[in-house]
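To start, the structure itself, in structure tokens.
So that the names make sense, note that chain A is the first sequence line, chain B the second, and so on, each numbered from 1.
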Protein chains: 2
Amino acid sequence: MTEIEKTLENHQVRPTAMRILIYKYLAEKEIAVALTDIESAFAKAERTTLYRTLKTFEEKKIVHQIDDGTGISKYALCESGCNCEIDQDLHLHFHCNNCNETVCLTEHKIPQIKVPDGFVSENVNLVVKGICDKCSGQ
Amino acid sequence: MTEIEKTLENHQVRPTAMRILIYKYLAEKEIAVALTDIESAFAKAERTTLYRTLKTFEEKKIVHQIDDGTGISKYALCESGCNCEIDQDLHLHFHCNNCNETVCLTEHKIPQIKVPDGFVSENVNLVVKGICDKCSGQ
DNA sequence: ATAACTAGTGCAACAGAAGTGCATTTATTG
DNA sequence: CAATAAATGCACTTCTGTTGCACTAGTTAT
């Protein structure tokens with residue numbers, strides 16, 4: 001029983017071959033991935049399977065969905081690289097306009113956002129766009 | 001020559017009947033609207049025309065596009081209700097999970113966001129989700 | 001005013017992502 | 001091993017966004 005299998009079972013997800021592969025893929029990638037990314041990485045697998053796997057992972061809090069403003073849903077593992085459990089579920093993501101990759105910037109906390117009276121804040125999504133470290137030539 | 005016609009011409013957009021209507025619609029709405037919203041409001045007009053009108057408006061800085069995390073592009077007039085000209089093009093939007101409406105919260109400035117070395121910030125998109133004033137019963 | 005030209009609109013079609021229903025396979029449990 | 005439940009594969013559908021092309025309306029020059 002591998003680490004990944006344990007992790008999946010801890011989240012009430014049965015560790016099938018496909019799921020382990022997808023988990024591995026997500027773990028290796030440091031960036032948020034879209035369904036199509038996984039699709040091209042696993043050419044043999046059906047899109048639907050990948051789609052439903054991601055949905056399952058999302059439900060079971062293994063990954064969380066990221067909206068980086070490209071209009072395409074992306075996903076990233078919740079552990080180590082993302083603080084989606086903390087208080088207000090603050091997401092801080094950086095989307096590179098050059099390479100189109102989206103990364104989690106977890107070191108940088110989001111300042112408390114105030115909303116007007118009557119508004120109830122449940123969730124904050126912050127996407128910074130620009131040029132990432134790899135593309136800016138450091 | 002109405003106010004709206006003047007506004008359009010000031011932005012180098014020829015004030016056609018359709019465009020005036022769409023501008024009026026946007027001005028009346030206090031919330032950001034999606035293409036489909038306009039579509040159902042103007043059942044007679046073609047979707048393509050509305051689409052291209054919005055694109056033209058966007059190009060000419062009459063409206064700006066909002067990504068509220070629903071995956072559907074929305075638009076709002078740049079004037080009075082949005083500060084899309086200021087320094088870093090900071091957008092602060094509130095999306096109600098109940099009524100699904102998205103509004104601009106212009107009174108509340110976005111604090112300066114720091115990004116790690118090597119990253120260059122060009123644009124910041126902040127969407128707060130929750131319950132709006134209308135739905136929270138004030 | 002009219003011909004020539006340009007901008008705007010309508011229609012049709014396509015692309016990509018997301019989502020659903022159903023049959024089949026795989027795994028689990030009695 | 002049979003019965004059951006979960007996972008997967010396939011075929012479709014829907015929705016948003018987008019483009020090409022023909023046609024119309026509006027503008028400009030002669």
If the cut-off is 4.0 Å, is [X] near the phosphate of [N], judged by side-chain N/O to OP1 or OP2?
| X | N | answer |
| --- | --- | --- |
| T16(A) | dT8(D) | yes |
| R19(B) | dG8(C) | yes |
| T56(B) | dG8(C) | no |

Provide, to the nearest angstrom, the distance between the [atom1] atom belonging to [X] and the [atom2] atom belonging to [N].
| X | N | atom1 | atom2 | value |
| --- | --- | --- | --- | --- |
| R14(A) | dA7(D) | CZ | P | 5 Å |
| E5(B) | dG26(D) | CD | C1' | 14 Å |
| N100(B) | dC15(D) | CG | P | 15 Å |
| I72(B) | dA17(C) | CD1 | P | 16 Å |
| E58(A) | dA18(C) | CD | C1' | 13 Å |
| K55(B) | dT16(D) | NZ | C1' | 11 Å |
| E59(B) | dA7(C) | CD | P | 13 Å |

Do the charged groups of E101(B) and K134(B) touch, with an N to O distance under 4.0 Å?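 The answer is yes: the pair qualifies as a salt bridge.
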Answer yes or no: is there an ion pair linking K55(B) with E58(B), defined by an N-O contact shorter than 4.0 Å?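 A salt bridge links K55(B) with E58(B).
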Would you say the base of dG17(D) and the side-chain of R52(B) have a donor-acceptor pair closer than 3.5 Å?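 Looking at the base of dG17(D), it does not pair with any donor or acceptor on the side chain of R52(B) (distance under 3.5 Å).
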Examine distances only and state if a side-chain atom of S136(B) and a backbone atom of G118(A) form a donor-acceptor pair shorter than 3.5 Å.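 Checked: pair present.
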Any luck finding a side-chain donor-acceptor pair between H95(A) and N125(B) under 3.5 Å?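 Short answer, no.
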Please list, chain by chain and in numerical order, all residues satisfying salt bridge (Lys or Arg N to Asp or Glu O under 4.0 Å) with D67(A), sequence neighbours excluded.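 Partners of D67(A) by the salt bridge (Lys or Arg N to Asp or Glu O under 4.0 Å) criterion come out as none, since no residue qualifies.
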Using ring centroids (six-membered ring only for Trp), state whether F57(B) and Y75(B) fall under 6.0 Å.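 Ring centres of F57(B) and Y75(B) not closer than 6.0 Å.
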Nucleic acid contacts - residues 36-51 of chain B versus DNA chain C, non-hydrogen atoms under 4.0 Å: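 Under 4.0 Å from DNA chain C: E46(B), R47(B), T48(B), T49(B).
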